Amino acid sequence: MDKKNNPEIKIELSPEVASGHYSNLAIINHSGSDFFMDFIAVTPGMPQAKVQTRVIMTPENAKNLMFALSDNIRKYEAMFGEIKPAVPRNMPNGSPAPDNEGGYPNPFIGGGNA
């Protein structure tokens, strides 16, 4: 690596941050200059959930994150197999879930203006 043009960055990970936050829901919004990603842990049967972490990024960095996630998912699936979306076996009324619809909504899709 050319240290002159690409200096090494030493990254510190404190114990508090290393433990992380679990998230099974993300709400993503944007303004003209920033993307806002709120990561939430929703508990079944609970009417309320708190935002665990908010990440704010420039549009360029958000797009770089998208590419990095896509690359890592491709590598994961090559090693462990395809990640398949969860679909309920039965709908709330007891009838079978229709093919390709009626499954769980994607909890990581959002959009709009912050």
Side-chain angles (χ1 to χ4, degrees):
M1 180 193 296
D2 180 3
K3 293 187 183 231
K4 189 176 183 182
N5 293 329
N6 294 312
E8 288 186 25
I9 299 173
K10 292 185 181 185
I11 298 172
E12 181 181 330
L13 183 62
S14 69
E16 301 82 35
V17 174
S19 63
H21 291 282
Y22 176 77
S23 174
N24 56 6
L25 173 68
I27 297 174
I28 303 169
N29 288 292
H30 58 83
S31 67
S33 59
D34 294 300
F35 275 74
F36 299 82
M37 294 168 271
D38 291 331
F39 295 92
I40 302 156
V42 177
T43 304
M46 298 299 288
Q48 214 171 353
K50 284 186 176 181
V51 172
Q52 300 295 313
T53 302
R54 171 174 273 188
V55 176
I56 303 168
M57 296 181 136
T58 65
E60 180 184 8
N61 284 338
K63 192 168 187 177
N64 287 336
L65 174 63
M66 179 189 70
F67 288 134
L69 280 170
S70 292
D71 183 52
N72 276 272
I73 289 170
R74 181 185 53 75
K75 290 173 183 174
Y76 177 95
E77 289 183 330
M79 184 174 287
F80 299 107
E82 181 184 358
I83 301 168
K84 297 184 180 181
V87 177
R89 294 177 194 252
N90 292 303
M91 298 303 287
N93 64 5
S95 63
D99 291 339
N100 297 324
E101 53 184 79
Y104 294 121
N106 186 332
F108 296 98
I109 293 178
N113 299 313

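Everything numeric in this text was worked out from a predicted model, so none of it was measured. Along the sequence shown, residues are numbered consecutively beginning with 1.
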Value rounded to 0.5 Å, distance of [atom1] in [X] from [atom2] in [Y]:
X	Y	atom1	atom2	value
T43	N24	OG1	CG	7.5 Å
F36	R54	CZ	CZ	6.5 Å
K50	I40	NZ	CD1	12.5 Å
E77	K84	CD	NZ	10.0 Å

Same cluster (ILVMFWY, side-chain, under 4.5 Å), Y76 and L69 =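 Y76 and L69: separate clusters.
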
Applying the 4.5 Å side-chain criterion to the ILVMFWY set and letting contacts propagate, would F39 and L65 be lumped into a single cluster?
->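 Yes; L65 is reachable from F39 via cluster members.
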
Working for side-chain hydrogen bond (donor to acceptor under 3.5 Å, both in side chains), residues S14 and E16 | CA-CA 5 Å; S14 69; E16 301 82 35; 3.3 Å; yes

So do M46 and V42 actually touch side chain to side chain, heavy atoms under 4.5 Å?
->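 Answer no - side chains too far apart.
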
Between N72 and A68, is there a donor-acceptor pair closer than 3.5 Å when you use the side chain of the first and the backbone of the second?
->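 It does hold such a pair.
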
Please name the pair of heavy atoms, one in P59 and one in G32, separated by the smallest distance, quoted to 0.1 Å.
->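 Result for this residue pair: CG-O, 4.5 Å.
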
Do you know which of I27, I28, T53 makes side chain to side chain contact (heavy atoms under 4.5 Å, CB included) with M37?
->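 So, applying the side chain to side chain contact (heavy atoms under 4.5 Å, CB included) to M37 and each of I27, I28, T53, only I28 qualifies.
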
